[in-house]
Participant: 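Sharing a structure, written as structure tokens. Questions coming.
Throughout, numbering of the chain's residues begins at 1 and tracks the sequence. Quick note: numbers below take in every heavy atom, side chains included, and nothing from hydrogens, waters or symmetry partners. All ligand and atom numbering here is 1-based and tracks the order in the structure.
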Amino acid sequence: MKKIVVDIAVLGGGPGGYPAAIRAASRGKTVALIEANELGGTCLNRGCIPSKALIAGSEVVENLKNADAFGVEVKEWSFNYSRLAQHKDQIVEKMRKGLEGLIAANRIQLVRGFGTFMDNRQIKVTGQDECIVTANQIIVATGSEPRNIPAFSFDGKWILDSTALLELDRLPKSIVIIGGGVIGCEFASLYANLGVEVTILELLPRILSTEAEEVADAISKAFRKKGIRIETGVAVEKVEKTGSGVRALVGDKSFDAEICLVAVGRSLNTRKIGLDRIGVAVNDQGIVIVDERMQTSVDGIYAIGDIASPYWLAHVASHQGIVAAENACGYTATMHYNAIPSVIFTHPEVGSVGLSLAEAKKRGYRAVLGAFPFQALGKSQAIHHPEGFAQIVVDEKTGEILGAQVVGYEASTLIAEMVLAIQNELTVECIAETIHAHPTISEAWHEAALWAEGLPIHLPPKKRVVNEK
Ligand code: NAD
């Protein structure tokens, strides 16, 4: 069998693995990147990028519907989902080619096949490039895939996971979505904007349960306004095929639709790669245990991304990849989780970082909330996106920003300011003292900061929301 000997091997070419490989190559190391499928992982091929291409298309449709507000009369228009699906595929293809070029430009040896540990320095690769890769240091970045629940017998046609749903080239008339988490809500919003009848069935008392209550409430309200049916506190036991579609069963109730999306979480790709053979420790949830340098219990073996993370997010995986690569190259880097942005591409969008007011209270802070509604912003009114708000959670004792949440147009971009603020331990006064350009939506942060200080300009004076210990 062919042998490849390098300084550093990276197993998995997703948003965790490929930045790790690039950083190691930039540090002058010889690097092999082993990938069983397409470069770019879930994010580029079956997640973030294709879903955003579809969501962008649905926004064009929304703009057409609202064109009248700007005096634009659109008398006749039609929408062809399969053309939007083609646009999505083209974007993915283009990005993938770009990534392949980047890997080649960094002189990283791309090994196509499925890698399994033989021992803690050797990986056997089967598939297109059969070989044995030997490396001094190995970074494992094998990611996750949609959780497959036997009671929801997936058939890829009527009962689908997010990967199969992204591959459809036609729109259904109706969809029942099991799970009101991030994936469920992003697809619910996209499909409702395209005129599909949507029902969300969520086990917990509210959708987006990991977000602040104010955020989940705002999204629920916006969804209901779009006509999305939301049923919370329901545990779907089974999904079955009917003559004309599918039926989700919850006790003595049932929910019918043409197709069903199952979005109840993801499972980790840690099996079958031989981690147990080399003695890598995992916790009781199957997550690989790593130290702050991203090193596992085995010297010279690092793990990054979903398999080794409290956050299953592409941008966290990428940062972990750089930390692992630095350490594998003999430099020192540590991973920190104090300012992790979360962005959800619903309509309206969500951005959040740090603590919610309720979490701050639980941790014993006397916290103040500064909030500002978009409807009071000139820019939001001018562009006809007045829905949403920005809010900052502040430690009243020190003024430090503990968290921030934003719901509304471009929330995914707006949250960056608060990520930088929390990362650098800024106080709310720093935001109040910062001149924000006018007219922009980022003024909402300025106004929220002024509100937290009790000195609002564009809102009537009001008692501050203080969270007594
Ligand atoms: P999730 O864990 O976010 O949500 C799954 C939801 O399903 C939960 O709310 C859970 O209560 C519910 N559920 C579980 N079993 C159920 C049942 N039998 N009946 C009804 N409801 C049930 O998982 P997801 O939405 O599949 O997303 C997976 C991961 O991908 C997440 O970690 C997420 O952070 C990540 N992701 C992030 C983004 C983003 O950042 N924009 C986008 C997509 C995915």
Participant: What class does the angle between the rings of His385 and His347 fall in, given that below 30° is parallel, 30 to 60° is tilted and above 60° is perpendicular?
Facilitator: perpendicular
Participant: Tell me which one of Ser267, Gly265, Gly181 gets a heavy atom nearest to atom 23 (O) of ligand 1.
Facilitator: Gly265
Participant: List every atom of ligand 1 that sits less than 4.0 Å from any heavy atom of Arg266, numbering the atoms from 1 in the order shown and giving each element.
Facilitator: 28 (C), 29 (C), 30 (O)
Participant: Can you tell me the protein heavy atom closest to atom 17 (C) of ligand 1 and the distance?
Facilitator: Val236 N, 3.8 Å
Participant: Would you sort out whether Arg23 and Glu326 count as a salt bridge (charged side-chain N to carboxylate O under 4.0 Å, His left out), showing the intermediate values?
Facilitator: CA-CA 7 Å; Arg23 176 55 63 93; Glu326 287 286 307; 2.8 Å; yes
Participant: Quick one: list whatever passes salt bridge (charged side-chain N to carboxylate O under 4.0 Å, His left out) with Lys241, sequence neighbours left out.
Facilitator: none
Participant: Measure Val234 to ligand 1 on non-hydrogen atoms and call it side chain, backbone, both or neither using the 4.0 Å cut-off.
Facilitator: backbone
Participant: Check if Gly47 has a non-hydrogen atom at a distance under 4.0 Å from any atom of ligand 1.
Facilitator: no
Participant: Any N/O of Val343 closer than 3.5 Å to an N/O of ligand 1?
Facilitator: yes
Participant: Quick one: CG on Leu377 to CD on Glu447, what's the gap to the nearest 0.5 Å?
Facilitator: 7.0 Å
Participant: When you look for heavy atoms under 4.0 Å from ligand 1, do you find them on the side chain of Glu186, its backbone, both, or neither?
Facilitator: side chain
Participant: Take a 6.0 Å sphere around CD of Gln375 and say whether it holds more than 12 heavy atoms from other residues, nucleotides or ligands.
Facilitator: no
Participant: Would you mind telling me which of Thr163, Val262, Val239 makes a side chain to side chain contact (heavy atoms under 4.5 Å, CB included) with Phe154?
Facilitator: Val262
Participant: Which ligand 1 atoms are under 4.0 Å away from a heavy-atom of Gly179?
Facilitator: 6 (C), 7 (O), 12 (C), 21 (N)
Participant: Can you report which non-hydrogen protein atom sits closest to atom 13 (N) of ligand 1, along with the distance?
Facilitator: Val264 CG1, 3.7 Å
Participant: Can you tell me how far CD of Glu425 sits from CG of Leu402, rounded to the nearest 0.5 angstrom?
Facilitator: 11.0 Å
Participant: Hey, is Ala263 one of the residues with a heavy atom under 4.0 angstrom from ligand 1?
Facilitator: yes
Participant: Tell me the protein heavy atom at minimum distance from atom 34 (O) of ligand 1, and give that distance in Å.
Facilitator: Trp312 O, 3.7 Å
Participant: In terms of residue, atom name and distance, what is the protein heavy atom nearest to atom 21 (N) of ligand 1?
Facilitator: Leu203 N, 3.1 Å
Participant: Which is it for Leu201 and ligand 1 at heavy atoms under 4.0 Å: side chain, backbone, both or neither?
Facilitator: backbone
Participant: Please indicate, with yes or no, if any protein heavy atom is found under 4.0 Å from atom 42 (C) of ligand 1?
Facilitator: yes
Participant: Got the closest protein heavy atom to atom 25 (O) of ligand 1, with its distance?
Facilitator: Ile183 N, 2.9 Å
Participant: Would you give the length of the straight line joining atom NZ of Lys221 to atom CD1 of Ile230, rounded to the nearest 0.5 angstrom?
Facilitator: 12.5 Å
Participant: I'd like to know whether NZ of Lys65 has more than 12 heavy-atom contacts from other residues, nucleotides or ligands below 6.0 angstrom.
Facilitator: yes
Participant: Within the 4.0 Å heavy-atom shell around Leu204, which atoms of ligand 1 are there?
Facilitator: 11 (O)
Participant: Tell me, which protein residue and heavy-atom name are nearest atom 8 (C) of ligand 1, and how many Å apart are they?
Facilitator: Glu202 OE1, 3.5 Å
Participant: Heavy-atom distances under 4.0 Å decide this one: backbone, side chain, both or neither, for Val182 against ligand 1?
Facilitator: both
Participant: Under 3.5 Å, N or O to N or O, is Gly180 touching ligand 1 that way?
Facilitator: no
Participant: Which value, rounded to the nearest 0.5 Å, describes the distance between Ile383 atom CD1 and Glu410 atom CD?
Facilitator: 8.0 Å
Participant: Enter the distance from Ile307:CD1 to Ile287:CD1 here, rounded to the nearest 0.5 Å.
Facilitator: 10.0 Å
Participant: How about Phe255: does its CZ atom have over 12 heavy atoms from other parts shown lying under 6.0 Å from it?
Facilitator: yes
Participant: Does only the side chain of Ile149 get under 4.0 Å from ligand 1, or the backbone, or both, or neither? Count heavy atoms.
Facilitator: neither
